[in-house]
Amino acid sequence: MDPPLWKKLLAEFLGTYWLVLGGCGSAVFAAAFPYMVSTPVIEPDPATDPATTALMNSLGSQFAAVVMNKLGIAFLGVSLAFGLTVLTMAYAVGHISGGHFNPAVSVGCLAAGRTPVKDVAAYIVVQVVAGIAAGGTLNSLASGREGFEKTGSNPLATNGYDEHSPGLYSLGGAFLAEAFLTFMFLIIILGSTDKNAPAGFAPIPIGFALTLIHLISIPVTNTSVNPARSLGAVLYAGDGELWAQLWMFWVAPILGAALAGALHRFCLASPPQKDTASDAASPLVTTATFGQPQPEQPPGGAPALAPPGSGAAAYQPAPAPAAKSHRPFTGVPTDNKEQRLALIRTGSEESAAGLTQKSASSVRPPTALQGVQPLADPLGPPRAQLRPEPLQSLLGGSGWATSPGNPLSGTGSRAGGGLLSPVSPYSASNAPPKRQRYADSTPSDTALEPGTPEHRRMAYARL
């Protein structure tokens, strides 16, 4: 279920606030520590250490920061801080809003078809408000230290070019860096969140991608790739030149993000998968006995053709047959004795067929029924009355049994000149305690017409 819009906006506010506060705060508070002092703590001797003297003369008051930054995190630490803020909040609230935390990312997701148009404007407004709130928090914390001054080319970790670039890069170089790095950032975001990408791991490559982007471009522009981050920092810097350069840190990232979203949508996105749910609900698809989807045959076996010239459709399904009172046939015989008895008593063709369906390895081919005498009660106990005589197995299943003239009983002669006479292979006398079966002589009930008393008697005897 899609979360309500207010919950998405709250998630975006928290994520953007944490990104600006954590990333820019690491640059302001921890990039260089102990903090820079007004006079160097080391006075090199020009005669014995000319290299240190030349460095001190070129850096001026910043020389102390160079020689004293024993605990500062420097570029690597600041880059990791930005990446970790995105990684942690993507896991925390990314499942609610998508984890944009950046107006450029929202525009890129819009171009990729991931975010609806109605949500993009609200996302960007909330992200800008969160960036401003984080910048205010950062300014309040930094002002609490005695001697803090908003000096230098990038106070409060602002972004800039020309003299406000840490490496003194021009507008052209700064614009290219911001646009291209944002483009690659969106390619990584959209690819790692693709439906065919490994699920649950997207925040990891996204966080490391932002870390790599900062390692590349901190000397160029102090790294933005996020208009809300740039606005939140410059709003409290109090420098008119930085305000004049702010436009570039909105145009370049949004342009790069839009190009990346369009490229992913038309060239890199996974193809849409077939909707199996609609197929399952289609009346033309059914599930066979063993769960394999098969096209449903029209009732009656063949389509009803419309008369020529009638203008009717070529296929008109016949009326559905009347519902049967017995249980639908599943094609799988049951092992429960009571259930099998119930199926026998129904007399239905499907139920009878289900009882006789066995593996080919355990059932002989059907043979003609020999000498079956119908009983008065077809559902009565047949064990004593359907007992094959043992002698017929010696005679090749021909249906012969002993008679009063049989020499095996001591007297008599064979009808027609022999000693044995053909009689029914089943007798009601001398029933054994348990049923005996002879594969070469017992008639198969599959040769009988399903639903007849003989067929039900044979099926009952198999119990």
Side-chain angles (χ1 to χ4, degrees), residues 2-3 8 11-12 14-16 18-20 22-23 79-120 123-124 127 175-218 220-221 223-230 249-276:
D2 191 33
K8 294 181 181 180
E12 284 296 308
L14 294 175
T16 309
W18 182 243
L19 186 152
V20 176
S79 302
L80 285 172
F82 274 98
L84 289 174
T85 57
V86 171
L87 189 152
T88 52
M89 291 307 293
Y91 272 120
V93 298
H95 60 282
I96 300 175
S97 65
H100 296 185
F101 315 146
N102 185 337
V105 174
S106 297
V107 172
C109 290
L110 173 65
R114 298 280 191 89
T115 304
V117 179
K118 61 183 180 63
D119 292 347
V120 172
Y123 270 41
I124 293 177
Q127 290 158 359
F175 190 97
L176 182 62
E178 289 290 324
F180 178 73
L181 291 176
T182 310
F183 174 89
M184 293 304 303
F185 190 36
L186 264 294
I187 290 294
I188 295 170
I189 291 174
L190 297 173
S192 60
T193 55
D194 189 83
K195 59 185 177 182
N196 288 338
F201 297 96
I204 298 176
I206 294 174
F208 277 109
L210 190 59
T211 299
L212 178 60
I213 288 172
H214 279 78
L215 287 174
I216 295 171
S217 61
I218 285 179
V220 182
T221 62
T223 307
S224 172
V225 299
N226 187 338
R229 169 254 191 274
S230 298
F249 297 99
W250 276 81
V251 175
I254 289 178
L255 177 62
L259 292 176
L263 178 65
H264 185 273
R265 181 174 187 175
F266 297 108
C267 300
L268 302 177
S270 299
Q273 296 179 352
K274 186 178 181 181
D275 188 5
T276 57

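Nothing fancy with the numbering, it's 1 onward along the sequence. The analysis underlying the following values was restricted to heavy atoms, covering all of them including side chains, and did not include hydrogens, waters or symmetry mates.
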Next item on the list: Among residues two or more places apart or on two chains, list those pairs meeting salt bridge (charged side-chain N to carboxylate O under 4.0 Å, His left out) that have a residue in residues 97-119.
Entry: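 For residues 97-119: K8-D119.
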
Notebook entry, point to check: If you look only at pairs with a residue in residues 195-214, which of them pass as a side chain to side chain donor-acceptor pair (under 3.5 Å), with sequence neighbours excluded?
Noted result: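 Of all non-adjacent pairs touching residues 195-214, those that pass side chain to side chain donor-acceptor pair (under 3.5 Å) are N196-S270.
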
Checklist line | Contact list for residues 249-267, test side chain to side chain donor-acceptor pair (under 3.5 Å), sequence neighbours left out | finding: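 Listed once each, the pairs would be none.
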
Next item on the list: For S79, check side-chain hydrogen bond (donor to acceptor under 3.5 Å, both in side chains) against everything at least two apart and list the hits.
Entry: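 Per chain and number, S79 pairs via side-chain hydrogen bond (donor to acceptor under 3.5 Å, both in side chains) with no residue.
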
Looking at every heavy atom in both [X] and [Y], which two are closest together, and how far apart are they?
| X | Y | answer |
| --- | --- | --- |
| F183 | L263 | CZ-CD2, 3.7 Å |
| T16 | A228 | CG2-CB, 4.3 Å |
| I96 | P3 | O-CG, 3.7 Å |
| V107 | A258 | CG1-CB, 4.3 Å |
| T85 | G22 | CG2-CA, 3.9 Å |

Checklist line | Of L87, V105, V86, the residue whose pairing with I206 passes side-chain contact (heavy atoms from CB on, under 4.5 Å) | finding: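 Of L87, V105, V86, side-chain contact (heavy atoms from CB on, under 4.5 Å) with I206 is met by V86 alone.
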
Margin query: Going by side chain to side chain contact (heavy atoms under 4.5 Å, CB included), name the residues that satisfy it together with A209, two or more places apart in sequence or in a different chain.
Written below: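 A209 satisfies side chain to side chain contact (heavy atoms under 4.5 Å, CB included) with F185, I188 only.
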
Item checked: Which residues share a side chain to side chain contact (heavy atoms under 4.5 Å, CB included) with T221, sequence neighbours left out ->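 Only A174, E178, F249 meet the side chain to side chain contact (heavy atoms under 4.5 Å, CB included) criterion with T221.
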
